[in-house]
Amino acid sequence: MNQWCCITDLLMSLGVGKEYIYYSGFFSGFQIHLMGVTYQMDELVNSVLTAALYYMAMPCAIICSLYFSGMDKRRPGVFRFLRGAVFLPALIFTVIYPWSQTRNLADTHPEAFHVVAIYNLTYGVFMTVLIVRALVRERKSNQFYQRRFILVFVLLPLWYWLITIFPVHMLHWEKLYKLWQGNVLIILGLLVYYMYLLFHKGIWGLRLTRQHFDWAEDRVRLPDDIRYIVHMLKNETAKLRLGTQFIRELGIEEAKDELDLLDRSITHIEEFVRRSSQFSGDLQMKPEYVDIRTLLEETAADFAEWKGTIKIEVESNVSVLYCDPYHMKEVLCNLAANAIDSMGEDGTLSFSVQMTKKDIILIHISDTGHGIPEKDLERIFDFYYTSHPDYSHFGLGLAYCRDVVRRHRGCMKVKSFTETDRHGTEFTLCLPWRF
């Protein structure tokens, strides 16, 4: 149906195209000899395009409407017959009134023009009946709302063209001969209406949404629809939590295991909501001068129970960093937690700090874990992407880390190795000494 609709549109556009080619004088002065006859090139092109429009456009429109009405599936035998039969009048017209003689058909052969007009108008009625019957048949289906727009977007400009071309010329209303050009305004209005539907209700399986984008910063931000879901989950988990507490107060011992399961699921959803809100909102930076070594030692202290080794190395020419201490520590803790999770109960977690000649501070966080596969490196900063199968990882941490670093006018780099003799991951935070 889409293919035949496209073919019909191309043929219908020939009405404007042939007028432009003829009156622009593009082929003016050129002649062509065909079968012993000499033609003026501009008149021949106009005549051929007129014939294509008058003879072929409506049969193609009929085939499009046959597909639209489902005739190919409901009555395949009738469909195959009509698919060829609708072109028979065009073939007859081609024999009686060749394509090279159709430019002034209304003036030179008025009776022939009347036949062509009745032919096009009849096909227009047939097409309209097929579409309307299909819509009436589907008026209670889910497809009706979308498919009814065909009445406006297809039949309105089609019937305007049919009425302003054929009846106007048949009745010799010379003052209205150019009325068909008003179709441009109709199509423009339909285009505006189409764009409105695209952004509001959606049309024919397509809907566009608008999201604000800050060109100054590449911010990590959840789309509004996901924010609504997070907000809904927050409200519903509060109700579930109250419900499980009420059931526990009833003292039903047989329901203890089920209640524990529900509480664990509620806790998981609450943590998901908390992290989504924390790691994807508009982060407010409150920078101050922070002692880097102290910041790293506080981060390491949060993992004091880990059995592995934590190393901290800070070059002598680096002492302070101008940053938001809360968010920067959260970044370091996220990276450290990921590193320890990769290594397991033992390994080496290293923090090292150095300053380049351009006053750029490099903070390296490296581990001796199993490493990140190369195919995953490009996705690790994506929202909700995680390679862990359990429910303790949400795929939010690295996206948050990158957002914080970028708000400090810095960047993050990562390199990882998964070979047997060389494995581990190193994240590097590149931060200006003062932003």
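All values derive from a computational prediction rather than experimental measurement.
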**OP:** Determine which pairs satisfy salt bridge (charged side-chain N to carboxylate O under 4.0 Å, His left out) with at least one residue from residues 73-89, sequence neighbours left out, and list them in order.
**Re:** none
Subject >> Residues forming a ring pair (Phe, Tyr, Trp, His ring centres under 6.0 Å) with Phe126, sequence neighbours excluded >> reply: none
**OP:** For the residue pair Tyr119 and Phe93, categorise the inter-ring angle as parallel (less than 30°), tilted (30 to 60°) or perpendicular (more than 60°).
**Re:** perpendicular
Subject >> ring pair (Phe, Tyr, Trp, His ring centres under 6.0 Å) involving Phe87 - partner list, sequence neighbours excluded >> reply: none
Original post:
Side chains of Trp99 and Ser47: is there a donor and an acceptor less than 3.5 Å apart?
Top reply: no
Subject >> Set of residues satisfying ring pair (Phe, Tyr, Trp, His ring centres under 6.0 Å) with respect to Phe351, sequence neighbours excluded >> reply: none
Subject >> Partner set under salt bridge (Lys or Arg N to Asp or Glu O under 4.0 Å) for Asp260, not counting sequence neighbours >> reply: Arg248, Lys256
**OP:** Name all residues meeting the salt bridge (Lys or Arg N to Asp or Glu O under 4.0 Å) criterion together with Lys18; count only those two or more places apart in sequence or in a different chain, and write none if there are none.
**Re:** none
Original post:
With under 30° as parallel and over 60° as perpendicular, where do the rings of Phe79 and Tyr67 fit, or are they tilted in between?
Top reply: perpendicular
Subject >> Geometric class of the Phe153/Tyr194 ring pair [parallel <30°, tilted 30-60°, perpendicular >60°] >> reply: perpendicular
Original post:
Any side-chain donor paired with an acceptor under 3.5 Å for His33 and Thr38?
Top reply: yes
Original post:
Taking the inter-plane angle between the rings of Phe27 and Phe30 on a 0 to 90° scale, is it parallel (under 30°), tilted (30 to 60°) or perpendicular (over 60°)?
Top reply: perpendicular
